[in-house]
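Report on one structure; see the data block that follows.
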Amino acid sequence: MGTPEISAEVFEAMILDGYRFVGLIAQPDRPVGRKGQLEKVPTKVVAEKYNIPVFQPVKIRKEYDFVKELRPDIIITLAYGQIVPQGLLDIPQYGCLNLHGSLLPKYRGAAPIQYALINGDKVTGMTLMEMVAAMDAGRMYAQKEVEISDEDNSTSLFKKMAVAAKELILEALPKYIDGQLKGVEQDETQVSFCPTIKPEQERLDLNLTSKEILGWIRGLSDHPGAYFILEEKKLKVFKAQIINDLVSAEVGTIVQADKRGLVVQLKDGQLSLLELQKEGKNRMDYKSFLNGNQGLLNKKLD
RNA sequence: CGCGGGGUAGAGCAGUCUGGUAGCUCGUCGGGCCCAUAACCCGGAGGUCGAAAGUUCAAAUCUUUCCCCCGCAA
């Protein structure tokens with residue numbers, strides 16, 4: 001069970017490693033883009049390539065009887081996107097395993113990879129765990145750490161996590177089936193959550209510290225992108241760098257706008273904006289942006 | 001028929017309302033200045049103005065149709 005690109009990668013790696021799938025469960029295809037055309041979810045593309053049956057129930061909570069007929073030995077889940085009901089968890093004889101994008105018990109929930117960046121973590125990882133009714137609360141069978149570099153953003157970290165997820169499942173699944181993995185209960189005192197990021201959270205809050213703002217920029221880049229407001233319009237920032245801890249102007253003021261950089265004052269330092277996109281325009285580097293947007297010095301972002 | 005912005009030199013933009021010599025910033029090439037430079041000065045190259053049709057003496061600009069890109073919403 002899985003839906004987005006990272007799920008598709010791991011799915012295909014398992015197929016190529018010799019695992020036989022009796023079916024794929026994914027979220028329904030959704031209209032994408034301005035034309036509202038339906039686009040196949042990434043895992044579905046892989047499933048069709050290998051002639052694996054695809055199931056896309058609108059509400060898995062109610063529609064899961066078909067799974068009994070598939071007679072799966074085990075169910076593997078990665079970023080499916082719906083809560084899986086107990087009735088479904090009870091079907092496979094070897095149970096249900098979930099690949100989660102954090103080092104549990106930290107970051108239970110929908111957006112663990114983004115939150116690792118938002119919080120400026122240096123390390124995160126994938127956890128292979130038992131699925132239970134409570135979200136991401138089951139026993140842990142194996143983990144694989146992933147280092148986060150300063151250059152990482154959401155896109156690059158997802159790629160690293162996909163690699164880790166492939167390695168983890170291919171190493172650990174045979175051991176699990178042989179009963180070699182005992183599983184460890186999660187330390188409930190260390191649990192933290194990372195709910196879905198809402199659209200209003202994509203707007204950068206000038207009350208935050210420079211590190212926190214940089215975290216949001218990295219966590220939301222390349223998609224959907226975090227933004228400031230400049231002259232009533234959204235100004236997305238995809239890449240930025242903290243250049244010093246000076247405070248020489250009011251927070252939000254553009255203190256430099258020339259070929260050396262486009263720099264905004266934050267409450268505890270100055271942030272150089274490197275890749276931007278104004279509403280209705282293409283994404284570009286700061287030099288191009290400044291060529292077409294002159295006179296920005298001393299203006300304010302909100 | 002969901003709402004909105006846009007397509008002009010390699011890049012980013014102005015010019016379109018009010019038709020009349022193709023403009024700005026940057027890059028690039030050549031030269032100069034300097035101990036030196038991403039700084040400064042001088043000069044050059046580089047455009048079928050997204051496409052097609054129409055109106056006009058004359059269209060980047062007005063009319064019509066089409067193509068493509070982006071933001072929002074889903």
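Just so we're on the same page: letters track the sequence lines, and every chain starts at 1.
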By side chain to side chain contact (heavy atoms under 4.5 Å, CB included), A:Ile91 pairs with (sequence neighbours left out) A:Tyr64, A:Val67, A:Lys68, A:Pro72, A:Leu88

(message) Side chains of A:Glu250 and A:Thr253: any donor to acceptor distance under 3.5 Å?
(response) no

Taken to the nearest whole Å, CG/A:Asp285 to P/B:A11 is 12 Å

**Phosphate-side-chain proximity, A:Gln294 and B:C13, N/O vs OP1/OP2 below 4.0 Å** = no

Connected to A:Val191, directly or through other members, by ILVMFWY side-chain contacts below 4.5 Å are A:Phe193

- request: Say whether A:Asn293 and A:Lys278, considering side chains only, have a donor N or O and an acceptor N or O under 3.5 Å apart.
  value: yes

The correct set of residues in residues 222-237 of chain A placing a heavy atom under 4.0 Å from RNA chain B is A:Lys234, A:Lys236

Any strand, both distances under 3.5 Å, Watson-Crick or G-U wobble: B:A11 pairs with B:U25

Taking atom C1' in both B:U28 and B:A45, what distance in whole Å separates the two?
-> 9 Å

Rounded to whole Å, the CG-C1' distance (A:Leu220 to B:G71) equals 16 Å

Applied to residues 240-297 of chain A, the ring pair (Phe, Tyr, Trp, His ring centres under 6.0 Å) test, sequence neighbours excluded, yields none

Here the distance between atom P of B:C69 and atom CE of A:Met284, to the nearest Å, is 17 Å

A:Lys287 NZ to B:A11 P, in whole Å, measures 16 Å

>> Strictly below 4.0 Å, N to O, side chains only: are A:Asp285 and A:Lys287 in salt-bridge contact?
In response: no

Connected to A:Met129, directly or through other members, by ILVMFWY side-chain contacts below 4.5 Å are A:Leu104, A:Met140

To the nearest angstrom, the NZ-P distance between A:Lys281 and B:G4 comes to 17 Å

message: Just by distance, no angles: are the side chains of A:Lys44 and A:Gln56 close enough, under 3.5 Å, to form a donor-acceptor pair?
response: yes

With P as the reference atom in both, quote the distance from B:G50 to B:C17 in angstrom, rounded to an integer. 15 Å

Taken in chain and number order and not counting sequence neighbours, the residues that satisfy ring pair (Phe, Tyr, Trp, His ring centres under 6.0 Å) with A:Tyr80 are none

From NZ of A:Lys278 across to P of B:G12 the rounded distance in Å is 14 Å

Expressed in whole Å, how much space separates the C1' atoms belonging to B:C33 and B:C42? 11 Å

On RNA chain B, more 5' by nearest nucleotide between A:Asn293 and A:Pro199 is A:Asn293

Can you give me the N/O atom pairs linking the protein to nucleotides 43-45 of chain B at distances under 3.5 Å, or say none if there are none?
none

Answer for the Watson-Crick or wobble partner of B:G20, both distances under 3.5 Å, is B:C57

Rounded to whole Å, the CD-P distance (A:Glu39 to B:A74) equals 18 Å

Answer for the Watson-Crick or wobble partner of B:G4, both distances under 3.5 Å, is B:C70

Between CG of A:Asn291 and P of B:C26 the distance, given in whole Å, is 7 Å

**Request:** Rounded to whole angstrom, note down the P distance from B:C69 over to B:C62.
**Result:** 24 Å

Exercise for review: Considering only atom P, compute the distance from B:C66 to B:C24 and round it to an integer number of Å.
Suggested key: 37 Å

task = With P as the reference atom in both, quote the distance from B:G19 to B:A58 in angstrom, rounded to an integer.
result = 15 Å

Between the protein and nucleotides 36-39 of chain B, which nitrogen or oxygen pairs come in under 3.5 angstrom?
{"from": "B:A39", "atom 1": "OP1", "to": "A:Lys259", "atom 2": "NZ", "distance (Å)": "2.7"}

Residues at least two apart in sequence or cross-chain that pass side chain to side chain contact (heavy atoms under 4.5 Å, CB included) with A:Gln270, listed by chain then number, are A:Ile243, A:Asn244, A:Leu246, A:Ser248, A:Val255, A:Val263, A:Gln265

Sorted by chain and residue number, the ring pair (Phe, Tyr, Trp, His ring centres under 6.0 Å) partners of A:Tyr176 (sequence neighbours excluded) come out as A:Tyr141

Ring pair (Phe, Tyr, Trp, His ring centres under 6.0 Å) filter on A:Phe11, not counting sequence neighbours, yields A:Phe21

Residue pairs meeting salt bridge (Lys or Arg N to Asp or Glu O under 4.0 Å), one or both in residues 149-163 of chain A, sequence neighbours left out, come to A:Lys122-A:Asp150, A:Asp152-A:Lys160

**Message:** Measuring only the P atom in each nucleotide, how far is B:G43 from B:U25? A whole number of Å is fine.
**Reply:** 13 Å

Checklist entry - P atom, B:G2 versus B:G47: distance in rounded Å? => result 40 Å

